[in-house]
> 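Structure provided below as C-alpha cells; questions to follow.
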Amino acid sequence: MQIRLGEKIKELRKRDGRKQEDLANALGVTNQAISRWEANGGYPDMETIPVIANYFGITIDELFGYESDRTQKVNRYYNEIIEMNHKNNGVDTCMDECVAYARECLAEFPDDKKLTYALATVLFNAGYVRYAEHHLTDEDGYDVFDTERHRKYHEWQEAIKLYERLLPTLEPGELRDRAVRELLQLYLNIGEKDKASAVVKTLPDISSCRELMTISSCDGKERAAACADALLKTVSKTAELMIESVIINQENISKNDAVMIIKNAIGLYELVMPDGNFGIYHASLACINLFLSEHLWCVGERDGAFEVLDKALEHAKKYEICRSTNGQYYSSPAVKLAKIEEKEFTEAGIAANLSEDWPWWSIDGSEIVKAEMQSDPRWTEWVKRTKQ
C-alpha cells in the first residue's frame with residue numbers, strides 16, 4: 001500500500017478547520033515542516049506519529065489509512081462468503097468450499113464481528129444442507145424437532161459457540177437481529193429451550209420493534225412510508241405464523257381447516273394490497289400457493305390444486321420483475337412507499353425452481369401427494385411453463 005501520510009494530515013487539518021501554524025504549534029515543529037509533510041516531501045519522526053493521531057482524535061491505523069483498507073477488505077470477504085452461501089440454497093453446491101473460505105477469511109481477521117457471523121451463518125446453513133432438519137410427532141400429536149439427531153451435527157454445535165461469543169459484542173441492528181434469529185433456531189433444533197428463552201427475554205416486545213418505533217420517529221412522507229413498511233411486514237409475519245400453525249398442528253386440524261387457514265393467509269395480503277401489486281411479497285405468495293396446492297389435492301380439489309400452482313408461477317414471475325426493477329414496476333402506493341428490500345427473499349420463489357421447491361413446507365405424506373400430482377399430465381405442462 002502506498003503511504004500518503006501527508007495527504008491524510010492535510011485532509012484532517014482541513015476537516016477540523018485548522019491552519020498549518022496551529023498544527024505546527026501543537027507539535028512543536030515549524031510551519032515549513034508541516035508544509036513539507038503535506039507535500040509528501042518527508043515524514044514526521046516516529047515519536048511524533050502518536051501525537052498527530054491524538055491531535056486529530058483518531059488511531060494510528062486510521063492516520064496511515066490502514067483502517068479503511070481493513071474495512072474494505074473485510075466487507076469484500078463478507079459479501080463473497082454470503083454470496084457463496086446463497087448458492088447452497090437447499091442443495092450442496094459448494095458447501096465445503098464456502099466453509100473453508102469463511103474459515104480462511106476469519107483466520108486473517110480473528111474476532112472480526114462480520115466475519116465471525118459469516119462463518120456462523122455458513123455453518124448454520126451447512127447443517128441444513130448436509131443433514132436436513134428432522135421432525136417428530138409428540139404424544140399429543142404436535143410437531144417437534146428431532147433434537148437427539150440434531151445434537152450430532154457438529155456444524156450446528158460450532159455455529160452455536162460462534163453466535164454465543166458474538167452476541168455480547170454486537171450493537172442493536174440488522175447483524176445482531178440475524179444472529180439472534182439463527183441462534184434461537186439452533187437452540188430449538190437441539191433442545192436448548194432454556195437458553196433460547198434467556199435470549200428471548202433480552203428482546204423488546206412487539207410494541208417496541210424497529211418498524212413501529214420508526215413510525216414514531218418521523219412525520220410527513222417518511223411517516224407514511226414507515227406505516228406502509230410496518231403494515232406489509234406485519235402482514236407477512238402474520239401470514240407466516242398462520243402457515244406455521246398449520247405445520248405444527250397438522251395432526252390436530254383437518255385438511256379442510258388447513259385449506260381455510262392457508263387461504264386466509266393469502267387473503268391478508270389481498271386485504272392491504274387490493275390492486276394485486278405485492279412487490280417483494282410476490283415471493284412469499286408464490287410459496288404459500290405451493291403449500292395450498294398440496295392441501296387442495298388432499299381434500300379432493302384436484303382442479304383447484306393446479307389453479308393455485310398457476311398462481312404460484314404468476315407470483316414468482318412478478319417477483320422476478322420486481323427484483324429486476326427494484327420495485328419500480330409496481331403502481332401500488334403501499335408498495336411504492338415501502339422500502340424495497342430483498343433480504344430473506346433473495347432466492348425465494350424463483351419461477352424456474354418452483355417444481356423443485358414444491359410444496360415449500362413439507363408435511364407428512366408430501367411425497368405421496370407429489371407422486372400423485374406428477375402423474376397428472378397437468379403437472380408436466382406446469383413444469384414446462386416454469387422453465388419458460
Side-chain angles (χ1 to χ4, degrees), residues 1-9 11-12 15 43-44 46 49-89 92-130 153-187 195 199 202 210 341-344 346-347:
M1 185 187 91
Q2 185 176 4
I3 298 176
R4 297 187 178 275
L5 181 57
E7 294 179 11
K8 185 67 174 178
I9 291 173
E11 173 191 327
L12 292 168
R15 180 200 71 181
Y43 299 103
M46 290 300 297
I49 297 297
V51 182
I52 296 174
N54 185 62
Y55 179 80
F56 290 117
I58 62 174
T59 66
I60 294 175
D61 280 349
E62 289 174 307
L63 181 62
F64 279 94
Y66 296 150
E67 190 68 25
S68 176
D69 286 354
R70 180 187 187 281
T71 300
Q72 290 179 11
K73 197 170 187 181
V74 165
N75 287 339
R76 176 167 60 82
Y77 283 167
Y78 175 81
N79 292 332
E80 289 171 351
I81 294 167
I82 298 302
E83 182 179 351
M84 190 183 299
N85 195 33
H86 280 163
K87 293 178 181 179
N88 298 284
N89 183 35
D92 189 347
T93 302
C94 56
M95 203 74 251
D96 287 343
E97 295 89 337
C98 189
V99 172
Y101 186 58
R103 292 190 191 283
E104 177 185 329
C105 294
L106 185 58
E108 183 175 346
F109 297 102
D111 297 322
D112 181 84
K113 296 175 185 179
K114 292 186 73 171
L115 295 181
T116 299
Y117 169 76
L119 176 57
T121 198
V122 165
L123 293 168
F124 173 89
N125 190 34
Y128 281 100
V129 170
R130 290 170 173 169
Y153 297 2
H154 66 86
E155 292 91 345
W156 283 359
Q157 294 291 350
E158 183 181 356
I160 288 172
K161 292 179 181 178
L162 289 169
Y163 288 126
E164 289 176 338
R165 189 181 82 196
L166 181 63
L167 276 184
T169 71
L170 291 178
E171 297 293 330
E174 183 179 332
L175 192 65
R176 191 178 196 282
D177 291 345
R178 290 182 182 180
V180 167
R181 285 198 298 268
E182 292 168 12
L183 178 58
L184 287 175
Q185 183 62 61
L186 293 186
Y187 277 154
K195 289 185 177 181
V199 172
T202 68
R210 179 174 62 248
E341 300 179 17
E342 295 185 24
K343 291 187 180 178
E344 299 171 1
T346 301
E347 300 296 334

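The structure presented is a predicted model; accordingly, all values stated were derived computationally and were not measured. In what follows, every heavy atom counts, from backbone to side chain, and hydrogens, waters and symmetry copies are set aside.
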> Is there a side-chain contact (heavy atoms from CB on, under 4.5 Å) between Lys195 and Val199 once you walk through the steps?
CA-CA 6 Å; Lys195 289 185 177 181; Val199 172; 5.8 Å; no
> Go through the structure and list residues passing side-chain hydrogen bond (donor to acceptor under 3.5 Å, both in side chains) with Tyr101, not counting sequence neighbours.
Glu80
> Mind checking salt bridge (charged side-chain N to carboxylate O under 4.0 Å, His left out) for Glu182 and listing every partner two or more places apart, or none if nothing turns up?
none
> Would you compute the distance between atom NZ of Lys161 and atom CD of Gln157 and round it to the nearest 0.5 angstrom?
7.0 Å
> Using the ring-ring contact (aromatic ring centres under 6.0 Å, His included) rule, collect all pairs that involve residues 111-130, keeping only residues at least two apart or in two chains.
Phe124-Tyr128, Tyr128-Trp156
> Under a 4.5 Å cut-off applied to non-hydrogen side-chain atoms, are Met95 and Val122 in contact?
yes
> Taking only residues two or more places apart in sequence or in another chain, which ones pass side chain to side chain contact (heavy atoms under 4.5 Å, CB included) with Leu12?
Lys8, Arg15, Phe56, Ile58, Leu63
> Under 4.5 Å between any side-chain heavy atoms of Tyr187 and Glu164, yes or no?
yes
> Can you give me the closest heavy-atom contact between Arg103 and Glu158, atom names plus distance?
NH1-OE2, 2.7 Å
> Once rounded to the nearest 0.5 Å, what's the spacing between atom OG1 of Thr71 and atom CG of Asp112?
8.5 Å
> Report the residues that fulfil side-chain hydrogen bond (donor to acceptor under 3.5 Å, both in side chains) with Arg130, sequence neighbours left out, ordered by chain and then residue number.
Asp96, Glu155
> Among all residues two or more places apart in sequence or in another chain, which pass the salt bridge (charged side-chain N to carboxylate O under 4.0 Å, His left out) test with Glu83?
none
> Report the residues that fulfil side chain to side chain contact (heavy atoms under 4.5 Å, CB included) with Glu108, sequence neighbours left out, ordered by chain and then residue number.
Lys73, Tyr77
> Shortest non-hydrogen contact from Lys114 to Tyr78?
O-CD1, 3.4 Å
> Quick one: does Thr202's side chain get under 4.5 Å of Leu167's, heavy atoms only?
no
> Of all the heavy-atom pairs spanning Lys87 and Cys94, show the shortest one and how long it is.
CB-SG, 4.3 Å
> Looking only at atom types and distance, does a side-chain atom of Asp92 sit under 3.5 Å from a main-chain N or O of Asn88, one as donor and one as acceptor?
no
> If we ignore hydrogens and angles and just use 3.5 Å, is the side chain of Thr121 paired with the main-chain N or O of Ala118 as donor and acceptor?
no
> How about Asp111 and Arg165: do any of their side-chain heavy atoms sit closer than 4.5 Å?
yes
> Kindly compute the distance separating CG (Leu119) from CG (Leu106), expressed to the nearest 0.5 Å.
6.0 Å
> Considering only heavy atoms from C-beta outward, does the side chain of Ile9 approach that of Pro44 to under 4.5 Å?
yes
> Heavy atoms only: give me the nearest Cys105-Leu115 pair and the separation to one decimal.
O-CD1, 3.6 Å
> What closest approach, in Å, do Ala120 and Ala159 show between heavy atoms, and which atom pair accounts for it?
O-CB, 3.7 Å
> Kindly compute the distance separating CG (Leu166) from CG (Leu183), expressed to the nearest 0.5 Å.
10.0 Å
> Would you please name every residue forming a side-chain hydrogen bond (donor to acceptor under 3.5 Å, both in side chains) with Asp177, sequence neighbours left out?
Arg210
> Tell me every residue that passes side-chain hydrogen bond (donor to acceptor under 3.5 Å, both in side chains) with Asn125, counting only those two or more places apart in sequence or in another chain.
Asn85
> Nearest 0.5 Å, please: how far is CD1 in Ile81 from CD in Glu104?
9.0 Å
> Between NZ of Lys113 and CG of Leu170, what distance do you get to the nearest 0.5 Å?
6.0 Å
